[in-house]
Amino acid sequence: MKIYRHTPDYLEVRATDRLVVLVTVLFSVVLLSVGAGLIYLFRYELADFPAATGGTIGLLLVAVGGVLFILVSWWTTFYLAYYFDKELGVFCFTTRTLLRKRVVRRSIYDVWQLWVDGEPDLMGKGHHHITIVMHDGEQLKIPSLGSTPIEQEYHEDLAYEIGEFLADLPEVAV
């Protein structure tokens with residue numbers, strides 16, 4: 001994530017992770033193609049379904065490729081953007097996958113707190129994200145797209161920039 005545009009009245013942060021989605025979609029298309037080819041080549045042996053033939057392997061590849069494509073298309077975020085606009089008094093958070101788009105718009109005055117959260121992984125590094133809390137208790141987690149060398153420090157610097165931007169607004173505890 002990086003600050004895309006920063007003026008005294010407007011702050012926009014964007015992130016994209018299209019490479020991961022593209023590679024995964026291409027891998028699932030390859031699985032689907034190879035599976036379809038095997039089904040076509042061994043189409044006469046599919047009557048003996050329990051047998052481990054090329055057709056059965058083709059059906060398995062098609063199933064795995066289809067499930068992988070659906071999962072990546074529905075749940076993997078490849079683009080996110082959020083902006084704070086003081087002139088309009090709006091905070092907008094947008095995430096996009098291949099098949100859906102989610103837009104959350106709130107008043108900039110509804111932002112109550114923001115901080116950096118993290119969950120440790122098996123290697124001990126952890127995955128960090130910025131949490132924005134609204135006055136009504138709603139929490140928006142802004143995930144990290146793409147890897148940064150020092151993820152926690154990067155998110156803390158980004159949260160600091162957002163906090164400084166929102167510092168002159170009333171009732172924002174940063």
Side-chain angles (χ1 to χ4, degrees), residues 1-30 65-174:
M1 289 189 289
K2 71 175 197 169
I3 295 177
Y4 181 73
R5 196 168 114 192
H6 188 357
T7 66
D9 291 332
Y10 188 82
L11 175 68
E12 183 174 2
V13 179
R14 291 185 188 177
T16 184
D17 201 9
R18 292 184 178 135
L19 185 63
V20 170
V21 173
L22 178 67
V23 168
T24 309
V25 167
L26 287 175
F27 182 69
S28 66
V29 168
V30 167
V67 168
L68 182 64
F69 182 76
I70 289 171
L71 289 176
V72 167
S73 299
W74 190 256
W75 279 303
T76 304
T77 302
F78 73 87
Y79 173 80
L80 68 86
Y82 54 98
Y83 66 86
F84 300 89
D85 192 344
K86 289 181 183 176
E87 288 181 7
L88 298 176
V90 174
F91 162 67
C92 184
F93 175 59
T94 305
T95 59
R96 181 173 212 77
T97 66
L98 289 177
L99 297 178
R100 66 188 174 112
K101 179 179 178 181
R102 177 179 171 227
V103 178
V104 177
R105 289 184 190 185
R106 301 286 185 267
S107 170
I108 197 170
Y109 302 104
D110 286 343
V111 176
W112 180 50
Q113 288 182 329
L114 64 101
W115 63 79
V116 177
D117 276 340
E119 297 93 20
D121 60 1
L122 295 175
M123 303 301 285
K125 290 176 106 178
H127 300 285
H128 295 82
H129 59 272
I130 296 174
T131 301
I132 298 177
V133 181
M134 302 297 179
H135 280 290
D136 63 358
E138 178 185 11
Q139 292 186 2
L140 295 174
K141 291 183 180 180
I142 300 173
S144 173
L145 291 184
S147 60
T148 56
I150 307 171
E151 191 172 313
Q152 183 176 1
E153 289 180 19
Y154 180 75
H155 280 82
E156 287 173 357
D157 290 342
L158 193 57
Y160 177 77
E161 287 289 327
I162 295 170
E164 287 294 313
F165 180 77
L166 297 174
D168 61 342
L169 292 175
E171 300 180 15
V172 177
V174 181

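Predicted, not measured: the structure shown is a model, and the values here were computed from it. The basis for the numbers below is simple: all heavy atoms, side chains too, and nothing from hydrogens, waters or symmetry mates.
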Residues two or more places apart in sequence or in another chain: which of them pass side chain to side chain contact (heavy atoms under 4.5 Å, CB included) with V20? D17, T24
Contacts of D117 that satisfy side chain to side chain donor-acceptor pair (under 3.5 Å) - sequence neighbours left out: W115, T131
Check: F78 and R96 side chains under 4.5 Å, non-hydrogen atoms: yes
Would you call V25 and L98 a side-chain contact if the rule is heavy atoms closer than 4.5 Å? yes
Is there side-chain contact between S28 and V72, with heavy atoms separated by less than 4.5 Å? no
Trace of the side chain to side chain contact (heavy atoms under 4.5 Å, CB included) decision for S107 with V90: CA-CA 5 Å; S107 170; V90 174; over 6 Å; no
Just so I know, are the side chains of L158 and V13 near enough to count as touching, which here means a heavy-atom distance under 4.5 Å? yes
Could you work out, with side chain to side chain contact (heavy atoms under 4.5 Å, CB included) as the rule, every residue matching R102, not counting sequence neighbours? F93, T95, V104, L140
Under a 4.5 Å cut-off applied to non-hydrogen side-chain atoms, are W112 and M134 in contact? no
Shortest non-hydrogen contact between G163 and L114, atoms and distance: N-CD2, 4.5 Å
Would you say the side chain of T76 lies within less than 4.5 Å of the side chain of L71, judging by non-hydrogen atoms? no
With sequence neighbours left out, write down each residue that passes ring pair (Phe, Tyr, Trp, His ring centres under 6.0 Å) with F84, or none if nothing qualifies. F91
Sorted by chain and number, sequence neighbours left out, side chain to side chain contact (heavy atoms under 4.5 Å, CB included) with L99 holds for S73, W74
As a quick check of understanding, evaluate side chain to side chain contact (heavy atoms under 4.5 Å, CB included) for K101 and T94, giving each step before the final call. CA-CA 7 Å; K101 179 179 178 181; T94 305; 3.7 Å; yes
Using side chain to side chain donor-acceptor pair (under 3.5 Å) as the criterion, list what pairs up with W75, not counting sequence neighbours. none
I70 meets the side chain to side chain contact (heavy atoms under 4.5 Å, CB included) criterion, sequence neighbours left out, with none
Answer yes or no: is there a side-chain heavy-atom contact under 4.5 Å between L166 and L11? no
Quick one: list whatever passes side chain to side chain donor-acceptor pair (under 3.5 Å) with E138, sequence neighbours left out. R106
Looking at every non-hydrogen atom in both residues, tell me the closest pair between P8 and K86 and how far apart they are. O-NZ, 3.4 Å
Checking the side chain of T77 only, and the main-chain atoms of Y79 only, is there a donor and an acceptor separated by less than 3.5 Å? no
Would a 4.5 Å heavy-atom cut-off, applied to side chains only, mark I142 and I132 as touching? yes
Salt bridge (charged side-chain N to carboxylate O under 4.0 Å, His left out) partners of E161, counting only residues at least two apart: none
Are I130 and Y82 close enough, and set up right, to give a side chain to side chain contact (heavy atoms under 4.5 Å, CB included), and what steps lead you there? CA-CA 12 Å; I130 296 174; Y82 54 98; 3.9 Å; yes
List the residues meeting ring pair (Phe, Tyr, Trp, His ring centres under 6.0 Å) with F27, not counting sequence neighbours, and say none if there are none. none
